[in-house]
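Before any comments, here is the structure.
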Protein chains: 2
Amino acid sequence: MNRNPTSLPDVLAPLARIVPVYAPGAEREDGYDLWLRYRRLGDGAAAALAKAASRIVIPRTPSIAMLAAAAELHLALASMCGEAVTVTHDVADGAIVLAVDPSLAREGYRISAATEGKRVTRIAGGSDIGTLYGAFAWLRAVLMGGDPAAIEAASAPKVGLRFLNHWDNLDRTIERGYAGQSIWDWWKLPDVKDRRYLDYARAAASIGINAVSVNNVSSRPEILLPDWIAKVRALADIFRPYGIRIFLAARFSAPKELGFLGTADPLDPAVRAWWKAKAGEIYAAIPDFGGFVVKANSEGQPGPHDYGRDHADGANMLAEALGSRGLVMWRAFVYSQHDPEDRHKQAYTDFKRLDGKFAPNVIVQVKNGAIDFQPREPFHPMFGAMPATPLAFEVQITKEYLGFATHLAYLGTMYEEALQADTFAQGPGSIVAKVADGSLHGHQLSAMAGVANVGVDRNWCGSHFDQANWYAFGRLAWDPHASARDIAREWVLQTFTHDPAAVDAIVGMMMDSREAVVRYMMPLGLHHLFDTGHHHGPGPWVDNLARPEWNPAYYHRADRNGIGFDRSPSGSNAVAQYAAPLAHAWSDPATTPDNFLLWFHHLPWTYRTASGKTLWEAMVAAYDQGVAEAHGLAERWKKLEGAIDPRRYAETSQLLTVQEREAKWWRDASIAYFRELNGLEMPRGAAAPPLTVEQYRSIVFHYAPGRGG
Amino acid sequence: MNRNPTSLPDVLAPLARIVPVYAPGAEREDGYDLWLRYRRLGDGAAAALAKAASRIVIPRTPSIAMLAAAAELHLALASMCGEAVTVTHDVADGAIVLAVDPSLAREGYRISAATEGKRVTRIAGGSDIGTLYGAFAWLRAVLMGGDPAAIEAASAPKVGLRFLNHWDNLDRTIERGYAGQSIWDWWKLPDVKDRRYLDYARAAASIGINAVSVNNVSSRPEILLPDWIAKVRALADIFRPYGIRIFLAARFSAPKELGFLGTADPLDPAVRAWWKAKAGEIYAAIPDFGGFVVKANSEGQPGPHDYGRDHADGANMLAEALGSRGLVMWRAFVYSQHDPEDRHKQAYTDFKRLDGKFAPNVIVQVKNGAIDFQPREPFHPMFGAMPATPLAFEVQITKEYLGFATHLAYLGTMYEEALQADTFAQGPGSIVAKVADGSLHGHQLSAMAGVANVGVDRNWCGSHFDQANWYAFGRLAWDPHASARDIAREWVLQTFTHDPAAVDAIVGMMMDSREAVVRYMMPLGLHHLFDTGHHHGPGPWVDNLARPEWNPAYYHRADRNGIGFDRSPSGSNAVAQYAAPLAHAWSDPATTPDNFLLWFHHLPWTYRTASGKTLWEAMVAAYDQGVAEAHGLAERWKKLEGAIDPRRYAETSQLLTVQEREAKWWRDASIAYFRELNGLEMPRGAAAPPLTVEQYRSIVFHYAPGRGG
């Protein structure tokens, strides 16, 4: 909020209490700039920056990506200093010199003080894209408050494919999107090049994203028709200077559904030829096309099983069609419509036996947990269990199961928890991060995929804080060993403020937020207790859906006597899919962490937890703590009034009010339901829910977002 | 583009050819500010403005609307001058004094130089809303380049209800919306008060809009449930300071569909009581609730006919429920699913006999023409024919039938054409504008309704030029006798530039644009030849839809011998619904204007038009002229490069490219089809279509926007 020329006159305060009016200029703090928030600096800082970056020097024959790096620096410096700098080929004191240094990793960079006759800052990349990443890293350091004359850094990504997955439908609805419709305006493409495409590419590249799939994995085949390929090409052309390759979600039945063939059998020569020709057609339009991401034989999507083939048959057919230039990202999120086996176990069972059978340009993309992006899950047992297959680590950035875009839940901690989990596959220290970066089993290919939370909402993500989850995904995909707290701090410094107390306060809120959500929604390892369809709000009572594993009652298994899903050897024995130390520990409730207690065990309500409380007392206490923490988030934010620009302050306050109310609702509805089953009194000091279970059940949400088209 | 600190360095030009990058700051010209474009002035102009508006003076006990007027002036002056002015109660030289003068019309205003001891500009309204309108009028004059020290004006609206109708569904899709999803983020309402709601209210109030219906007339009943009324209330609270009353589209079957009653019969006492209670519930939340807009017994919507009642029974029941505080806007866009009569005639036939039977708080809302918002229609025969009933004049601002948001078509000329049409109802000079303003038959109530073209697209309307249609609607609703050209000029001066040559050029493009669309789509009175469902592109061959009047073939009736719909006495005799002079003239092709020739007559291809050309020659010539004009729009725009900021220049260029291509497609597909019927050679000098009819028929548009949820 530097140089805000005015404030809202006090006399207008009665209006401001009713309508979202702010001081002139303050309404521009709408979040659109994300963490690339190049605000005019104070005069002293602007002068220092202008001196340390007196010009931008590019090679004599710059690539387009090199020009993109220069354009970013030019934009940032003009915005922060208030006057433009030259972009030139001639070095002078204080120049920012952009260069390529082939001795560096291809996507890596080095920022160093150099004296090429003059005192300059040299930003060198292993390729022009590395240079672009270096330029963004230099700007990040500046935005975080670093001395622009003294920035030195070197880095290279640890993961090869840093992959955003858009679940965007072709009609611009978004499955599990809570930030408005898709930013891809397919109707106006390819002619109209919305500035959003560029700003998206800039933001994604700034955190190292280098691959994007633009359409929903629950896909429609039309995206593969020529007029749609032309639309995709227009996006690819804009993304290319930013080092971003486009992937498409391929519908396995496309050759049949589009009417070209009578079958989509992956072993049928005509099918193989069709996909090969299709890949060639796409490559002709998009030479750096990344490949296909495929959701097959899952939740109604077609796949190789429809023809008695297995996942490797399907994946390898597409891999052959793409050739070595492209990748197949074959998703492991599959469970049978007919198999009565614990859903937790099915993907592992399906894929484990295929390890080693996938073509070299296939990556199997595995969700962080075995169920479905729950607020907390143990890591997926496939991690560490597929030594011969490169696995992508997939997380949701959009918050399907964590309060949509309404609740504050920083997911950096959730990603970190999964990445730091030890699989014990190669002994202690075999953490999931080493699967993600390929080092555990020495794979050349490595990938992290995040389901995007981006939409046309002005702030891109549905709320200001949800931007941090996009940011954290990118930073962890660059380095899956990084710290969620460090990333939160980076983000706050760039996005909100440099005020040390405010930074600490906001980082603290972020670090506590996801655990609060877990507590007020589903403590102690409970999972998937959401209301039907939209996944908004509690539905522990739901038991009427066609498939058993679609029902919350399937997951909590609560009755008069106890609660929890027995996945120990006495139950489904899903624990056996984990390495021995974990299988052993998680087989016994006494050695299972409280976090996963009811994930792995069915226990009596009177079970005595480590805290000394009974299970029922511990559960109610956890719900109460979650609600108290949600209340605390709102209170902590209130203390930041004045430290944050008024628009983002107000918009966040409104959401935190919703979060607190819905936290209470989650607690009360859940407890009311469980009490109806167990007949227990409320623990001493805990208030009984104000409504009956029937009343909670009767709460209906019409037209909830995120269900797609 | 004042004070743009930089331009894009030439060296970055190769990047700019690929991605939509502009000079730093220029990317902010995204159209969001609409015509309220308060850009920093040059130093001299800023000083003059600051002197002429040295402070804002408000009454000692200002209403909220008065504060809204002060806030708008404060925002504008701070933005244009670079420093804020005081808002105070104390007069000084150069003050802008906001006041209420009850001698003025309630919504009228007077801007005058005054000496209240000091030299001030006095902006007085007949009420605080009048003052707000005066403040916007003063700003409009400033933005148009007027001397801020010498602005004097007085005006009052000629139409009582200036009504925007949103066809926005509750899932945020928009029926016939081409600017992205609905700006109403129902999911986050009522808690989250998006700044867009305020900016929408400011823009609407600035052109005099005083009523808004927020949901689609093809309505869902849930909007009437308590949690939705709370959401609507949050919008009403933000709109109230801006003089905007909220209406709801009521689903006639709501009491039944929501499960409260077994019937929706308007004469059933329980139904009457239900609606009365519902109105009371809404009034309790929204004391200034405007009332209901109803689409009944039309296109599958429920209505009083379902119970053997007539439109007056239905409308009057709701009018009684609302009481005198509220209005029923009962739409006349009805045609029977079963009546084989010319659709053109049905609404008149249905409603004419009900004239005088409607309650005093019912307005019958009539589309500009009798069919459905075609690029050109003769005025609706109900205008002038319902002396005992106030009629609202309804137009579409969104361009369902004029190229969506892609084609440039300034609709001010279309509205003007209909408003200036003489009904002859009370003798010559009985123009439609006098029906709209109530003067023709001396009605107290008067209304103009426009189907909004607003969505979440950053520029609100899907394109920069489509903003002009929103603007023109508002200005014509304020004064339906105003000139479309004057309004275009106002808009260009506020929105684009003050450069006289550029202003003339842009106004010229706008004035020519709609006629070009008519020519390349459907010249000579042809109508409704759109492809099925999405109304994008030509579909003259379509004849397979269930209802005859859904088919283009129903409207053009072309065959080997001739073309056109005979609505003369030898045909459906729709002409008889017009006053005698028109009925007489339009019964004979020789005295029917070329514009309506095939609207009213079926003529042989060899018919000799006034120009001396045969009908076939004249038709091909019109198509060719339309294409040439579309090409001309693109060429004329190219000459404005540099006179327009680069972002809006580029975005408009891209759309004009599409328009030219699609103009050719319209011409070629139409001519190919008609030639297939008539077997005629192309007229000398005219090129034959490059594709076959079958090829044009095979063009399919997947996921076209605007079909709603």
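Here is how names work: the chains are called A, B, and so on, in the same order as the sequence lines, proteins then strands, and each is numbered from 1.
Contact annotation for B:Tyr178: only backbone heavy atoms (N, CA, C, O) come within less than 4.5 Å of a heavy atom of chain A. For chain A, no part of B:Asp199 is nearby; none of its heavy atoms comes within less than 4.5 Å. For B:Asn459, no part lies under 4.5 angstrom from a heavy atom of chain A. Proximity to chain B is limited to the side chain of A:Trp228, based on heavy atoms less than 4.5 angstrom apart. Interface remark: B:Arg240 contributes no atoms to any contact with chain A (heavy atom separation under 4.5 Å). For a residue to count as touching a neighbouring chain, one of its non-hydrogen atoms must lie under 4.5 Å from one of that chain's; by this rule A:Pro14 touches chain B with backbone and side chain alike. Heavy-atom distances place the side chain of A:Val658, and not its backbone, under 4.5 Å from chain B. Using a 4.5 Å cut-off between heavy atoms, A:Gln181 contacts chain B through both its backbone and its side chain.
Among the residues in residues 64-71 of chain B, those with a non-hydrogen atom closer than 4.5 angstrom to a non-hydrogen atom of chain A are B:Ile64, B:Leu67, B:Ala68, B:Ala70, B:Ala71.
The structure places NE2 of A:His702 at 9.5 Å from CG of B:Leu170, a figure rounded to the nearest 0.5 Å. Here the CG-CZ distance, from A:Asp171 to B:Arg707, works out to 9.5 Å after rounding to the nearest 0.5 Å. In this structure, NZ on A:Lys188 lies 6.0 Å from OG1 on B:Thr406, to the nearest 0.5 angstrom.
With respect to A:Asp191 and B:Arg661, a salt bridge is recorded, a charged nitrogen being found less than 4.0 Å from a carboxylate O. The existence of a salt bridge linking B:Arg458 and A:Asp185 is excluded, since no basic side-chain nitrogen approaches an acidic carboxylate oxygen closer than 4.0 Å.
No side-chain heavy atom of A:Pro20 sits less than 4.5 Å from a side-chain heavy atom of B:Asp194. Looking only at side-chain heavy atoms (C-beta outward), A:Glu27 and B:Leu75 come within less than 4.5 Å of each other.
For the options A:Ala405, A:Gly180, A:Ala76, heavy-atom pairs under 4.5 Å to chain B are most numerous at A:Gly180. Taking chain B as the reference chain and counting heavy-atom pairs below 4.5 Å, the highest number among A:Leu198, A:Asp227, A:Ile18, A:Thr657 is found for A:Leu198. Residue with the most contacts toward chain B among A:Trp186, A:Phe404, A:Tyr197: A:Phe404 (heavy-atom pairs, distance under 4.5 Å). The greatest number of non-hydrogen atom pairs below 4.5 Å with chain A, out of B:His89, B:Arg196, B:Glu651, B:Arg647, is found for B:Arg647. Each of A:Asp10, A:Ile238, A:Thr88, A:Val456 has some count of heavy-atom pairs under 4.5 Å with chain B, and the biggest count is that of A:Ile238.
Side-chain contact of B:Arg172 with A:Tyr703: a donor-acceptor pair under 3.5 Å is absent, judged by distance alone.
Here the two rings, on B:His536 and A:Trp187, have centers that are under 6.0 Å apart.
Between the side chain of B:Gln654 and the backbone N or O of A:Lys193 there is at least one donor-acceptor pair closer than 3.5 Å.
Here salt bridge (Lys or Arg N to Asp or Glu O under 4.0 Å) pairs that include residues 61-74 of chain B, with residues two or more places apart or in two chains, are B:Glu72-B:Arg202.
B:Val21 approaches A:Arg195 most closely through the heavy-atom pair CA-NH1, 3.6 Å.
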